[in-house]
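First comes the structure, then the notes that go with it.
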Amino acid sequence: MGRYFAKRLLSLIVSLVIASWVIFFVIEIAPGDPASFMLGINAQPDTVAALRSELGLDEGKFSRYISWFTGMLQGDFGTSYTYRTPVAQMVADRLWVSLPLAIYALTLSTLIALPAGIYAASRRGKTGDIAVMGATQLGVAVPNFWFAMMLVLVFAINLRWFSAGGFVGWEAGPLAALHSLTLPAIALALPQAAILARVMRSALLDILGEDFIRTARAKGLSQRQALWRHGLRNALIPVLTIIGLQFSFLLAGAIIIEQVFYLPGLGRLVFQAISARDLIVVESVVMLLVFAVILVNFLVDLTYALVDPRLRGRG
Amino acid sequence: RDTVTVALQLEPPHLDPTSAAAGAIDQVLYSNVFEGLTRFMGDGSVVPGLAQSWEISEDGLSYTFTLQDGVTFHDGTTMDAEDVKFSLDRARAEDSTNAQKALFADIASVDVVDPLTVKLTLSQANGNLLFNLAWGDAVIVAPETIDTIKTAPVGTGAFTFTNWVQGDRIDLARNPDYWGEAPALNAATFKFISDPTAAFAAMMAEDIDAFSAFPAPENLPQFEADPRFQVLIGSTEGETILSINNKQAPFDNPKVRAAVAHAIDRQAIIDGAMFGYGTPIGTHFAPHNPAYVDLTGTSAHDPEKSRALLAEAGLADGFTTTLHLPPPSYARRGGEIIATQLAEVGITAEIINVEWAQWLETVFRGKNFGLSIVSHTEPMDIGIYARPDYYFQYDNAAFQDLMAELTGTTDPDARTKMLQQAQEIIANDYVNGYLFQLAALSVAKADLQGLWANAPTQATDLTVVSWAK
Amino acid sequence: MTLLEITNLSLSIGAFPILRDVSLSVDPGEILAITGESGSGKSLTALTILRLLPNCTRLSGHLSLEGQDLLSLSEEQMCDLRGRKIGMVFQEPMTALNPVQSIGDQVMETLLLHSSATKAEAEAEARNLLDRVGLPAERFPLSRYPHELSGGQRQRVVIAMAIAMRPTLLIADEPTTALDVTTQAQILDLLRDLVLDYGMGMIIITHDLAVVADMADRIIVMRKGEVVETGSTAQLLANRRHPYTQKLFAASNHQADLPTAKTTDPQDTPLLEVRNAVRDYPLPRKRLFAPAEQMRAVDHVSFALHRGERLGLVGESGCGKSTLTRAILGLEPLQGGEILLDGTPLSGKGLTAEQRRKMQVVFQDPFGSFNPRHRVARLITEPFHGVPDAPTGQERDDRVAEALSAVGLNPDDAGRYIHQFSGGQRQRIAIARALITRPELILFDEAVSALDVSVRAQILDLLAELCSAYGLSYLFISHDLHVVRSMTDRCLVMQKGRIVEHGKTEDLFATPQHPYTTSLIAAAPVLPDLATGAA
Amino acid sequence: MTRSLILGGVLSALVLLAALLSFIWTPYDHTAMNIPAKLQAPNAIHWLGTDHFGRDILSMIMVGARTSIAVALVAVGIGMGLGVPLGLAAAAKRGSWLDEGIMRANDLVFAFPSLVIAILITAILGAGAINAIIAIGIFNIPVFARVTRGAALSLWQREFILAARVAGKGAARISAEHILPNVANLLIVQGTIQFSLGILAEAGLSYVGLGAQPPLPSWGRMLADAQTMVSLAPHMALVPGCAIILTVLGLNLMGDGLRDWLDPKLQGGRA
Ligand SMILES: Nc1ncnc2c1ncn2[C@@H]1O[C@H](COP(=O)(O)OP(=O)(O)OP(=O)(O)O)[C@@H](O)[C@H]1O
Ligand SMILES: Nc1ncnc2c1ncn2[C@@H]1O[C@H](COP(=O)(O)OP(=O)(O)OP(=O)(O)O)[C@@H](O)[C@H]1O
Ligand SMILES: [Mg+2]
Ligand SMILES: [Mg+2]
């Protein structure tokens, strides 16, 4: 276990360093300049130059990389060019929206998908299975932004059960906050749930074909008991993998949904920062997202070991 | 009710109107939080602001402003001549990052006469000075709080800044110590909704009370038909033009530019891109300005003529060029229409959609483009045609002389004449394709009063906004 | 009263009839063996008793346990019966246990399911059971997981689960096929003892007639879903009335008619010589920067194989036989020693084309050793790859036809795909592939282990024929002592990577010197000499 | 043939047919604007209505199918073209630094938020169909590399590979001759799935304005154009939305069906 952990940790660190290189130098070659963006089309060249030096943009790329990277190691992500506030604080603010949204969506999708997948697996080939699988095929095929548009049309504009978007903030109380995240969470969750349900079902079916299920049945367990006691936990590994992937996706990939619901989340921050060429924000946030993904994968790997004793013994 | 939630499409990057291209910042703060010596009114006129009155010397080289008495900044400190001097000197300093530094180019010095009197000495007469000082980039800021202005702005306006949830909203509250007439609203929230669909949905769901500069004109008929809402249609200072790279072949040939101009059907663009909102223009000048001349006839839609002109220019088989389109929908939609219209006369315009940063880099700074569509929203900006290095690279000595003369002229009639002459020169030179004046389109709850219909500058003046009983 | 009574049981899956009029009975304390070739319906008979059949089956006949009609019971009643009245042990111990549950939990589950025992009681009982099947507490705490046990140990856990409720009937479906001979002997002993102790009835399903003869009170022989013969062990062994039974026994006891070996001059250069071969596998590091430890799979092995000689290599699973084969084939580097083929050492970079032509191999798995996407002609000409004077065109076709004929297949089979052949035919094709370059030496790595007895007998005969026709030399690797004995002149015994004994096959089997060899021979079940009873 | 294979095949074939037909015939010129006739609901003249420029939506959908298919196909091609050899190489050199390197690089690519990277790519290279292809293609590489490696690893354990090695064949040759044909089925299945994901991704990118540029019609951009007009002209959103859904649905059903059909293990397992 210790060795497994250490090895994973090492590869995690190497990945992060390489990622920081890729991110920094890829982003730096994007044409466009934050200073001229901020000053608009009537600005005079000397004004732009003055702003560039004020922002520290006239330093060399390499020295900026070094100061960015070393800063990050100390938890300092730099100061946004356009917003002039510390990136760390901006990210923290946005995380208060993105993280709950991701968790909310993931919870929804898990709550929908696992029972649906288990139900379909237990009724393999019967009407219930076909219906659930048909629904998931549709769920996978629907683009989530389109789905979001339809949700807004129906539930916000016509029925007015939810507001069309925006985030009331946690200071308005957790219920109100969750209420304002509900439509986006649903828009995000349903396509994910469709995928997860399919994975759940096929993982379970794979397991149900295993010899040890037959052993369990020979002990006197009913089909259902065998599924719950012996099938589920074994089917959990592929399901956990997908949940991990989906969580990382939800954290960063909600850009379009954040746009549709004008939520002040991380995705939109990156989007805005890219168009404003607020490079340091882009770099730091992308780095953070990569870190989050790698970390989530790392944690998922560790949970594997919890689920599967075969992985505990390694090393 | 005494609070209002107004939505805007763009969120300000920071809150210092004097050190960035200020559009989005002014939308929130102009006249609400920050004020200048003079200010714009909703109809575009310039009236006294923090300066109660002024005197202009005979030669037009010195302006003496008398400041309002008893004005305090939101932090409690008084606003006096020192602050004015500080603000203007800061804006015009060598290392200033004021986006409109040119506004102050003619100011030679700013002197404090007494706490309530400040004197501006000009290096050359400038008939635009009072107008220039009304811009958001010329507002008076407090020296004590200048270091935190970007996140916690302190001004003299009727509202104080209270909170900014980045990516979401900015909250303002009534300034109890306001020197002028107290506003009707107790508090106001600006919400930022960049997505046009979201804008429509938010308005329809009544999440917001008003949307200033509504981004989707196609939805306005629905609001108009809905008794819950009112639609405010006014004019802006935004001349939307098909800018042409005058130095790039074949556009260096006036005939080709004329051909482009004649290929364009303005009404189709206004109908197709703006759903009918917008006034056709034939030159780079706002139609609501008294000095405006309607020159649309000079470049009337005439594909036959266009083809003939191309043939004369030796391009009977047409040619290929690029059409760089920045993000706003007037550009993206207008561009698609223009590309089809140009195709009809044999010009192939390859559409390249760009972000603003890219646009600034390639089109504006790099001048690496054939055609582009952009709305020039700065008020009274015909002067850009006198800058040969400006991105469309129009270089006409006669026009440049005319502009120099205009700057030194203060007589209104003479100025009008010159402005009209200037409009004609550029229209006849077909410097750019002149499309339409961008309409100011706002949507509000039916019982919300006092919002500006026009947008002489980008501002959402809440000082006179109130709810009907 | 009989414990289990099956009369006229017929079963079909979909449109295919699987079992036809099967009748059998088991008495308490009796061991009934069901035998027959692969696919004869042995397992499905067992699953029918448990009513754990796949979907879409149609069942008719009568099936009763202790007088109770099993076919009329509801699924719930069956669940109650399974595990309590009927225990079952399956063939594959590696997969029969839930990998994510501790063995204790899995044994306890049967107890908790069928009795009102508390958790503590169940735990104590599970402990007892594991002790009983030979998994003592000090080495096998209840908290162990299946992956921490060997195959034989896992099979013991499965048995503990099956006998937890002292069922009246225990069904064991090929309980030892996947195990080593020595382990097999232990497990069979255990089962026999349990039946004695608890007075259970037991059905043991196996295709190994030696096991049958050794264990059973009564025997049932099945073929194609039908019972062809039944009787008490002694009687059936003696009479063997049904021709199929006779064939089966003959095949099991088959002695291939191996031509006597040419006497070889030990002074000649051996065809194959292995000198002090060592093969280490790096073990995963224990700590991040600890030096990698080595697992020595082949430990200073030396032997020589002369032209015309047939050498055997026996040893338990995992002792390094396949590793040695791969090293001889140049597929794996050696960490020490050298291997010479016809006097020339193998280089580290694999064999030369000439060396490959001289030496060919036949692997164990008749299903896995062919690319399913190629036709037979392409499959068996693969060894020509890189051979400089490889025949082409018509000559190549002729060689293919010749090789196929040599192994008893039709030359037309060259155009077919591998899935169109049975296991035995596939193994013939594998031999054809080995023969096509007219090699001087063939390595057989468990080449007949996966085959049914009768098919195996045919293949062994084929090898014997080929020996007389081509004067083959080969290295015959197997864990099946009986086969090695009948197919080789000389024999090596391997244990944990070392050669512990070698000698003339007959001598070695008659008077084993090394204790390991002795235990191997002792553990191997043997068919009693049937010659006397042959009708 | 399973039901889903037939249904999926029919749906996919319809889309393909529409795309092919658009090369020789569309009801109208898909670029022809007729602004007075804008936002017409489906009617006898314009079967699927017109858009905000008065263009015929049916024609745009047909030509848009071309764009979607081309973008997704080339992106999958990139993913396969690079991912499969990488996966084969990693499996052939299992446990080596090459394997380790390829797999870590894969993980790294997976770790990057794909949409953000797509946006960055277009920020660097400019928006357009080609760059959308690159953005989608890049993220297809690790998918194929991983699938190929996984399947190839288990094949390398098979005895027929051992037999080929005994015949003296090198890793490259074995990979090409024995491994690749045996993973082909899996790759075809994965290919259909990635293809459908590619269509979704293209739609998403075009929706945010980063995909195909006008005048090339694209379903995603049609949706983007429609977004402010949903309540005004719902058909503008419904038609491309349904086109996307049906295409993706068709491809997924086909992928599922193919998997069942090609995988002998599951054959007959269907009730
Ligand atoms: N689930 C199933 N569906 C269809 N046919 C099956 C199924 N299981 C077994 N069969 C068929 O039933 C026949 C008998 O199978 P069974 O497993 O009982 O054979 P067996 O005697 O146990 O063979 P072996 O010694 O190989 O285990 C075989 O022909 C087999 O192909
Ligand atoms: N690639 C490998 N890496 C590490 N260890 C290995 C590898 N291949 C085999 N071993 C180990 O080497 C030992 C000998 O394996 P080998 O396959 O030669 O046994 P065998 O005698 O052929 O057994 P069987 O009868 O089961 O085929 C075993 O302990 C096995 O676990
Ligand atoms: Mg069986
Ligand atoms: Mg072996």
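Order of the sequence lines sets the chain letters (A, B, ...), proteins ahead of strands, with each chain counted from 1. Scope of the values below: all heavy atoms of this structure, side chains included, with no hydrogens, waters or symmetry mates.
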Measure distances from I86(C) to the heavy atoms of chain A and classify the residue's part below 4.5 Å as side chain, backbone, both or neither.
->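 When you check distances to chain A, only backbone atoms of I86(C) fall under 4.5 Å.
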Residue L97(C) versus chain A: region with a heavy atom under 4.5 Å | backbone
Salt-bridge test for K85(C) and D80(C): reply yes if a basic N is under 4.0 Å from a carboxylate O, no otherwise.
->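 Judged by the 4.0 Å cut-off on N to carboxylate O distance, K85(C) and D80(C) do not form a salt bridge.
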Is any side-chain N of the basic residue among E109(C) and R217(A) closer than 4.0 Å to the acidic one's carboxylate O?
->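 Here E109(C) does not pair with R217(A) in a salt bridge, since their nearest N and O are not under 4.0 Å apart.
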Specify whether Y65(A) and F69(A) have parallel, tilted or perpendicular ring planes, treating 30° as the upper limit for parallel and 60° as the lower limit for perpendicular.
-> parallel
Find the one option among E148(C), Q106(C), R82(C) whose heavy-atom pairs under 4.5 Å with chain A are most numerous.
->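 Counting heavy-atom pairs under 4.5 Å, the top option is R82(C).
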By a 4.5 Å heavy-atom criterion (distance strictly below it), what part of L221(A) contacts chain C: side chain, backbone, both, or neither?
-> both
Is there a donor-acceptor pair under 3.5 Å between the side chain of R144(C) and the backbone N or O of R139(C)?
->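 Yes; at least one donor-acceptor contact below 3.5 Å.
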